[in-house]
Amino acid sequence: MRLILYVTLLSGLCGRGHNLPTMTNETPTDPYIFTTDLLPLDPRFLPPLANGLLGWRVYCDIMHMGGLYNGEGGECHRANLPSPLAVRMEIEEDETAGPVQHSYSLDTHTGIFTHSLRTANVMASQLLYAHRHHPNLLVMEVLLVRQGTSQEPIRVKLDSRFKPRSDDVVFQSEPQYKGGSYIHGQTITPEVPGDVCPAVHLIWTPIPTALSLLADQTQSRWGFVVTVAGDKESAQAHYDTGLELMANGNLRPTHLRAWEELWAGSKLELIGPEEFSRALIGCMFYLLSAFPSLHEVPGHFGGVSPGGLSNGGSGQDYWGHVFWDQDIWMYPSIGLFYPQLARTVLEYRVRTLNGAKHNAEKQGYKGLKFPWESAVSGREVCPEDIYGQQEIHINGDVTLAFQHYLYLTQDLSMFTEGRGSEVIWGVADYWVSRVTWSPEEQSYLILGVMPPDEYYHNVNNSVYTNTVAKISLAFAVELASLLNYPAPKEWKQIADKIKIPFDQEHNYHPEYDGYKKGQFVKQADTVMLGYPLGLAMPPKVRRNDLEFYEAVTDPSGPAMTWGMFAVGWLELGEVERAQNLLKKSFKNIQGPFQVWSESSDGSGAVNFLTGMGGFLQAVLFGYTGFRVQKDCLAFAPLFPDDISQLCIRGISYLGNKMDWLFRGQEVHIILREGAKHAGSTKPCALQVVLKNSGTKIPLISGKPVTFPREPGLICKVDGDLRYWPM
Ligand SMILES: *[C@@H]1O[C@H](CO)[C@@H](O)[C@H](O)[C@H]1NC(C)=O
């Protein structure tokens, strides 16, 4: 496959003196546009549209707002809101007009879904989008263009499934607001007994049952906006904005610009198998759709759940709860591009501190215990007790996201002003109270847990759990010294002496004490010690872990697993083996709109962002070898031969933004000019250091550098001290 868009892309990247790939004469298909004549039969695989605050699936009669749940504790689930945009455009087939041709497309450049229908007399288009710049707005546009020479009036029906009712919200009507229909209400049951039920206000342009071109009209266009907000003032203000943007023709342009900007700052493309290229674009698109706007970060970003905002009502897609999926599986790929979006994830966790404190107390421990399943309060909302009780690795998963944020940005304000340090200290205190000292083993143990591999519970010393606890304690010590905080001595003691189970005979890490080599496992667990946890181990041990667990991992387990195996095999230079595992993920991609299902047979949560996160990491961290480390961003590129080029635009590191191109045996990097970032006053001066030769190459804004494809790292130029003194 050859794509026109790469040529512009690469010419921007590689600058002068490089041979650009030659274009073929065939008209290339744009991998960013997912098109079909036939919608998927299973409505779960219709395109989900979201913008970090609002989300729905096209044609579906419900929508959701981030952070809006109904139900107490384990019953709490995303509140279903009625969607005024649950409208299908139809036309009556009449004899003169002949057959009707339908086409449906999701353009991921722009996040716009379009249904087009064409007869001999009319071309009709219905556009749907979740506004990327103004997250409280959802939009429908309809355009009718007369075809041929007929002068007859033309009528297109709008078939609506909308009913202004919900099982989760008691609505009442208000008088119209500036021509818009207006309802508001409160959820029925609060997450925590005694708390106030959150309110929701909906204002929308009424949608008629039909639209027409009059006898003398050649074309016409209509716009409809829906606003959803938590109170009257903001619902009205957003509706005003929508009307104003529509009146001055800026509704769609502002949306398009926001997507353009988002893609310009985070692009992942390859020249290689078309299926692969499209899958990557789909993953980036849906993941970006789950995060807030770069401009209007909602005050209360509700976190990212495995199925995203479009899914997750009562009994579905994990009820829309937030899991480690957010911090471990989705966050790394977003954090690498957008520190400000990464920070919204951290701030979501900070807002749940009180709930986490409550959970720890309830378990009889100190500090903070983040819930296995989280909604708004941070109290445990998992419907079954055992996960919240035992799957405590979540605590270390949360702190790892904070640690990587600091390493990628050196933005201490998250910890000094942003209450991030309370998260780190609180989790460290939890581990201190949760471990048991074993005089026989001369180590600290963590007893009675459920590992990430949920086929087992009540085990001792889950190797993943203990390793992530070790890392979060060591990070607490490191951060304490940066902030001159008096760290309790136990933090370091336990970090140094926590048990990491190891089997000397077979030279590998058993999943927990008493795990027998060959026991079936649900998903990636022990293989995550190498990546993302970065536990140092000899290559032979890494290989054994991968080999032993690959053989016994449930083939019908959740989608994210294979990405982690792929990263591991790439570390060992086994590119073919990595690729074969990664390819298994394609079975989880359902239908023309690249929607992911949790299981490969189409069952489980959709649109499974966790699986996409695993897949993206296999490329973003696997093919590149990127590792976020304390003093550097390491790399070690390796990818299959059928990928001739890999281009990653917008990597953020220490206040800089970089574009990377891997081509043949060469790597090109260009540091963007004038990058500016949340939390950093000025970008650090950076250099490339190649591992084998020790060659140092300074990175200068706007000047591309090229070097052979070999391992190395990006770090500060000597003497550029950056952690500001406290
Ligand atoms: C875990 O350790 C405790 C305390 O040593 C012991 O009583 C228990 O049997 C162990 N559990 C398993 C599953 O080995």
Side-chain angles (χ1 to χ4, degrees), residues 4 25-49 56-61 83-129 138-162 205-226 246 249 251-252 255-256 274 278 590-595:
I4 289 173
N25 291 329
E26 311 151 33
T27 317
T29 48
D30 182 343
Y32 281 82
I33 300 178
F34 307 155
T35 300
T36 179
D37 296 340
L38 220 53
L39 288 174
L41 291 175
D42 186 336
R44 297 183 310 146
F45 305 142
L46 288 170
L49 297 176
W56 90 111
R57 268 186 273 121
V58 302
Y59 301 138
C60 185
D61 58 0
S83 171
L85 299 185
V87 168
R88 267 181 201 254
M89 184 176 71
E90 297 291 346
I91 195 163
E92 273 156 37
E93 286 194 40
D94 69 39
E95 278 132 45
T96 53
V100 184
Q101 279 174 10
H102 292 272
S103 123
Y104 306 88
S105 79
L106 174 64
D107 182 343
T108 62
H109 291 293
T110 62
I112 296 179
F113 172 82
T114 304
H115 170 209
S116 310
L117 61 79
R118 180 192 276 273
T119 70
N121 292 342
V122 69
M123 171 77 181
S125 315
Q126 176 194 20
L127 280 65
L128 295 165
Y129 52 97
L138 303 176
V139 183
M140 177 170 93
E141 295 180 34
V142 178
L143 173 67
L144 301 183
V145 181
R146 185 181 292 279
Q147 308 288 297
T149 53
S150 114
Q151 301 282 310
E152 303 293 301
I154 295 169
R155 208 172 105 95
V156 168
K157 287 193 298 181
L158 297 177
D159 200 358
S160 174
R161 298 176 56 205
F162 171 65
T205 325
I207 299 175
T209 55
L211 295 171
S212 302
L213 280 182
L214 306 176
D216 55 349
Q217 269 183 314
T218 54
Q219 64 170 32
S220 195
R221 185 189 287 277
W222 295 263
F224 305 89
V225 291
V226 175
M246 200 149 49
L251 190 58
R252 205 178 338 149
H255 169 78
L256 296 178
E274 202 169 339
R278 214 176 19 244
Q590 311 294 346
F593 302 111
Q594 301 280 311
V595 169

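In this text, all values refer to a predicted model and were calculated from it rather than measured experimentally.
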**Q** Taking all non-hydrogen atoms of both residues, which atom of Ser105 and which atom of Thr35 are closest, and how far apart?
**A** CB-OG1, 3.5 Å
**Q** Determine whether a donor-acceptor pair (N or O, by modelled atom type, separation under 3.5 Å) exists between the side chain of Gln590 and the backbone of Asp42.
**A** no
**Q** Among Phe162, Trp222, Phe224, find the one that has a side-chain contact (heavy atoms from CB on, under 4.5 Å) with Ile207.
**A** Phe224
**Q** Is there a side-chain contact between Met140 and Val58 in this structure, where contact means two heavy atoms from C-beta onward sitting under 4.5 Å apart?
**A** no
**Q** Which value, rounded to the nearest 0.5 Å, describes the distance between Asn121 atom CG and Gln147 atom CD?
**A** 8.5 Å
**Q** Rounded to the nearest 0.5 Å, what's the gap from CZ on Arg118 to OG on Ser103? Could you check?
**A** 9.5 Å
**Q** I'd like to know if the side chain of Thr108 and the backbone of Tyr32 have a donor-acceptor N/O pair within less than 3.5 Å.
**A** yes
**Q** Heavy atoms, side chains only, cut-off 4.5 Å: are His102 and Leu39 in contact?
**A** no
**Q** Could you tell me if Ser116 and Gln101 have a donor-acceptor pair between their side chains, going purely by distance under 3.5 Å?
**A** no
**Q** Going by heavy atoms in the side chains, are Arg252 and Leu127 under 4.5 Å from each other?
**A** yes
**Q** Could I get the full list of side-chain hydrogen bond (donor to acceptor under 3.5 Å, both in side chains) partners for Gln594, not counting sequence neighbours?
**A** none
**Q** Classify the ring geometry of Phe113 against Tyr104: parallel below 30°, tilted from 30° to 60°, perpendicular beyond 60°.
**A** parallel
**Q** For Leu41, I'd like to know if atom CG has over 12 heavy atoms of other residues, nucleotides or ligands within 6.0 Å.
**A** no
**Q** Measuring from atom CG of Leu213 to atom CG of Leu144, what distance do you get when rounded to the nearest 0.5 angstrom?
**A** 4.5 Å
**Q** Check whether any side-chain heavy atom of Arg146 sits under 4.5 Å from a side-chain heavy atom of Gln219, and report yes or no.
**A** no
**Q** Could you tell me the separation between the CG atom of Asp61 and the CG atom of Leu85, rounded to the nearest 0.5 Å?
**A** 12.0 Å
**Q** Report yes if the side chains of Val595 and Pro48 come closer than 4.5 Å at any heavy-atom pair, otherwise no.
**A** yes
**Q** Could you measure the distance from the CD1 atom of Ile33 to the NE2 atom of His109? Nearest 0.5 Å is fine.
**A** 5.0 Å
**Q** The test is side chain to side chain contact (heavy atoms under 4.5 Å, CB included); show your working for Gln126 and Val87 and say whether it passes.
**A** CA-CA 9 Å; Gln126 176 194 20; Val87 168; 4.1 Å; yes
**Q** How far apart are the C-alpha atoms of Val145 and Thr218, what are their side-chain angles, what is the distance that settles it, and do they pass the side chain to side chain contact (heavy atoms under 4.5 Å, CB included) test?
**A** CA-CA 6 Å; Val145 181; Thr218 54; over 6 Å; no
**Q** If you define the side chain from C-beta out and look only at heavy atoms, does anything of His115 sit under 4.5 Å from Ser125?
**A** no
**Q** Please output the side-chain donor-acceptor pairs of residues 151-159 that fall under 3.5 Å, not counting sequence neighbours, one pair per line with the distance.
**A**
none

**Q** Could you measure the distance from the CG atom of Leu128 to the CH2 atom of Trp56? Nearest 0.5 Å is fine.
**A** 5.0 Å
**Q** Just so I know, are the side chains of Thr114 and Asp107 near enough to count as touching, which here means a heavy-atom distance under 4.5 Å?
**A** no
**Q** Looking at side-chain heavy atoms only, is the closest gap between Pro40 and Phe593 below 4.5 Å?
**A** yes
**Q** Tell me whether Arg57 contacts the main-chain N or O of Pro43 through its side chain, where contact means a donor paired with an acceptor under 3.5 Å.
**A** yes
**Q** Closer than 3.5 angstrom, by distance alone: can the side chain of His255 be matched with the main-chain N or O of Tyr129 as a donor-acceptor pair?
**A** no
